[in-house]
Amino acid sequence: MTAQPSSVLERTHHELVLSFDSFVRRELVPLAAEVPEPVDGPPRELRDYVRKRSAALGFYGAEYPEHMGGAGMPLTALVQLHHAAGASGCSLAPYALAGPDGPSWMLTHGTPEQIETYLVPMVRGEKLRCLAMTEPGSGSDAFTMATKAEWDGDSWLLNGRKTFVSNAGHADYAVVIADVAASAAGAGGATAFIMPLDHPGVRRGQRYLGMGGEPLFELLLDQVRLPMGALIGDKDGIGASVEFAMDSLAYGRLLVAAQCNGIAEYALRAGVEFARQRQAFGQVIGSYQHVQEHLVGSRAGVETSKLLTLACAELVDAGEESGENAALAKLVATETATKVVDRSLQVHGATGYVRGHPLEYLYRHIRMMTIIEGTSEVQKVIIARSMGLG
Ligand SMILES: Cc1cc2nc3c(=O)[nH]c(=O)nc-3n(C[C@H](O)[C@H](O)[C@H](O)COP(=O)(O)OP(=O)(O)OC[C@H]3O[C@@H](n4cnc5c(N)ncnc54)[C@H](O)[C@@H]3O)c2cc1C
């Protein structure tokens, strides 16, 4: 194939992506080959090793500002790294980049002491966290929570029940979103706290197993007492969670989009390779138009989605992104990747369907992408609003 149109937007950080690719091929692919099919994900020690090694090489957490332990890497570079991780097909590559158990952008709104104590060790890959936001009664409308935090004498008292929390099995801290009632001291609202997972009153409840093999936990908070220093942003953080989240929403959505584009590119490549060698009725299956339709349709989708994600990342770096473009990129990338993986599995027939084949795993793994970081329907609501509808 000749150069792809999206490569025009990938020129600036080409060297960085090559060096990440080479790290993945040289160090992670051989390690991943020793791990059997990811069921609960790769073993904890291996993920710890990959994260710390990647941080030492300057990839993990590099998007955070220098005074927070990172290198101020722009989003245009980061989306390309996430794309490369997905496209590599290496099960360890995503752990080399900060993800949902890594540093939280919410913490950048913390006091200098909170940044030093909690965020910097996360950026360095030394500590992990999870996000406890969803509740049994609120998912997409996450900020209408039943979990309460009240100031009680000299500490915050938290009570409630969070659910579907990824990474709660191994993280050190949870960023918990709880409702603070309005008082004479000021307005209340959804408020973010940082809480050690081994804190008295915190208990893991039901453990669910996602279809991609990832465990999700209930977190039960029963009379959890936290000091003032646990309120992210100190008093200014009361009721500020929505604002904090909005700041990094485009960021998170574009990273999901980039991972999906990478996975879709990997699946497409696998489909094309298979179609060029598999024979049926005396010919390679890639010569049949119905098979070509799967692969050409996928290529059009992947390339379109990649262009959209890269262009949106440029808008974020330029400070011109308002949220709806990232919603568009997330919607297109997640829906496209889901279809591309499905089509590539179809091209593989039974070969791709059996346990242990990468496409069988990706088919299960990719399904979460249209649900996390705002469902596809929620992205459509955002886009419709930006068009003056609803
Ligand atoms: C793999 C995975 C990991 C997760 N990790 C975490 C985590 O670490 N921390 C955490 O807090 N949560 C986590 N979640 C939960 C996730 O954030 C929620 O699943 C998500 O916000 C959707 O909420 P819900 O599942 O309750 O669906 P609901 O909000 O109940 O939605 C159900 C359906 O209704 C649709 N819908 C809802 N509102 C509208 C509307 N206004 N217009 C049109 N359609 C609408 C939705 O799109 C969906 O199709 C995780 C979920 C998954 C699948």
Side-chain angles (χ1 to χ4, degrees), residues 38-41 86 94-95 98-107 122 128-147 149 158 160-179 190-195 197 202 204-221 232 241-242 244-246 248-249 252-253 255-256 259-260 263 323-324 327 330-331 334-335 337-338 341 361-387 389-390:
V39 176
D40 266 10
Y95 298 98
D101 64 357
S104 160
W105 281 100
M106 288 236 182
L107 280 165
M122 289 178 195
L128 295 172
R129 59 91 204 181
C130 57
L131 173 67
M133 183 138 97
T134 305
E135 299 188 355
S138 59
S140 299
D141 52 348
F143 290 109
T144 49
M145 71 227 28
T147 298
L158 270 69
R161 185 167 156 215
K162 297 292 182 179
T163 193
F164 302 135
V165 181
S166 314
N167 308 303
H170 64 273
D172 303 285
Y173 301 102
V175 171
V176 184
I177 313 298
D179 183 57
T191 302
F193 294 86
I194 178 102
M195 176 188 83
L197 275 167
V202 181
R204 290 176 188 85
Q206 173 84 35
R207 178 186 187 272
Y208 304 95
L209 193 60
M211 60 192 274
E214 65 291 332
L216 302 170
F217 291 85
E218 256 191 339
L219 273 187
L220 309 175
L221 312 182
I232 299 175
S241 278
V242 179
F244 290 175
M246 288 303 155
S248 55
L249 219 52
R253 288 180 177 161
L255 293 185
V256 171
Q259 288 157 22
C260 284
I263 291 170
E324 68 244 33
K330 200 254 172 189
L331 174 69
T334 56
E335 296 287 343
T338 308
V341 169
Y361 167 69
L362 288 181
Y363 185 80
R364 288 183 285 114
H365 170 70
I366 203 76
R367 193 60 190 82
M368 73 165 90
M369 301 298 188
T370 59
I371 300 174
I372 59 168
E373 290 281 333
T375 63
S376 285
E377 292 76 14
V378 166
Q379 309 307 327
K380 287 178 189 170
V381 169
I382 296 167
I383 298 160
R385 270 197 210 128
S386 77
M387 296 162 74
L389 307 168

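Counting convention: from 1, in listed order, for ligands and their atoms alike.
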(message) Any protein heavy atom at under 4.0 Å, with atom 16 (C) of ligand 1 as the reference point?
(response) yes

(request) Would you check if the side chain of Glu135 reaches a backbone N or O of Ala146 as a donor-acceptor pair within less than 3.5 Å? (result) yes

(message) Taking the side chain as everything from C-beta on, heavy atoms only, tell me whether His365 gets closer than 4.5 Å to Ile263.
(response) yes

(message) Working to the nearest 0.5 angstrom, can you tell me the gap between Asn167 CG and Leu128 CG?
(response) 7.5 Å

(request) Ignoring hydrogens, tell whether any protein atom lies closer than 4.0 Å to atom 25 (O) of ligand 1; use the non-hydrogen atoms only. (result) no

(request) Write out the residue and atom name of the closest protein heavy atom to atom 29 (O) of ligand 1, then the distance separating them to 0.1 Å. (result) Ser140 OG, 2.6 Å

(message) Using only atom types and a distance under 3.5 Å, with no angle test, would you say the side chain of Asp141 pairs donor to acceptor with the backbone of Gly139?
(response) yes

(request) Identify which of Thr134, Leu131, Ile371 has a heavy atom lying nearest to atom 53 (C) of ligand 1. (result) Ile371

(request) Flag atom 34 (O) of ligand 1 as yes if some protein heavy-atom distance to it falls below 4.0 Å, otherwise no. (result) no

(message) Are Pro136 and Arg161 packed together at the side-chain level, in the sense that at least one heavy-atom pair is separated by less than 4.5 angstrom?
(response) yes

(request) Report the nearest protein non-hydrogen atom to atom 46 (C) of ligand 1: residue, atom name, distance rounded to 0.1 Å. (result) Thr375 OG1, 3.7 Å

(message) I'd like to know if atom 6 (C) of ligand 1 has any protein heavy atom within a distance of less than 4.0 Å.
(response) yes

(request) Could you list the atoms of ligand 1 found under 4.0 angstrom from a heavy atom of Val381? (result) 42 (N)

(request) Among all protein heavy atoms, pick out the one at the shortest distance from atom 2 (C) of ligand 1; state its residue, atom name and that distance to 0.1 Å. (result) Ile372 CG2, 3.5 Å

(request) Determine whether Thr334 and Ser376 make a side-chain contact, defined as any pair of heavy atoms from C-beta on separated by less than 4.5 Å. (result) yes

(message) Under 4.0 Å from a heavy atom of Glu377: which atoms of ligand 1 are those, numbered in the order shown and with their elements?
(response) 43 (C), 44 (N), 46 (C), 47 (O), 49 (O)

(message) Testing the basics here: between Met369 and Gln259, what is the closest heavy-atom pair and its distance to 0.1 Å?
(response) CE-OE1, 4.1 Å

(request) For atom 39 (C) of ligand 1, find the nearest protein heavy atom and state the residue, atom name and distance (0.1 Å precision). (result) Val378 CG2, 4.8 Å

(message) Just so I know, are the side chains of Ile177 and Thr147 near enough to count as touching, which here means a heavy-atom distance under 4.5 Å?
(response) no

(message) Suppose I only count heavy atoms of Met368 and a 4.0 Å limit; which atoms of ligand 1 are within that range?
(response) 1 (C)

(request) Please check if a non-hydrogen protein atom sits closer than 4.0 Å to atom 42 (N) of ligand 1. (result) yes

(request) Answer whether the closest heavy-atom distance between the side chains of Leu219 and Leu197 falls below 4.5 Å. (result) yes

(message) What protein heavy atom lies closest to atom 8 (O) of ligand 1? Include the residue and the distance to one decimal.
(response) Ser166 N, 3.0 Å

(request) Measure the spacing between CZ of Arg367 and CD1 of Ile372 and express it to the nearest 0.5 Å. (result) 11.5 Å

(message) Considering non-hydrogen atoms of the protein only, which is the closest contact for atom 14 (N) of ligand 1, and what is the distance?
(response) Phe164 O, 3.3 Å

(request) Report the part of Leu216 (side chain from C-beta onward, or backbone N, CA, C, O) that has a heavy atom under 4.0 Å from ligand 1; answer both or neither where that applies. (result) side chain

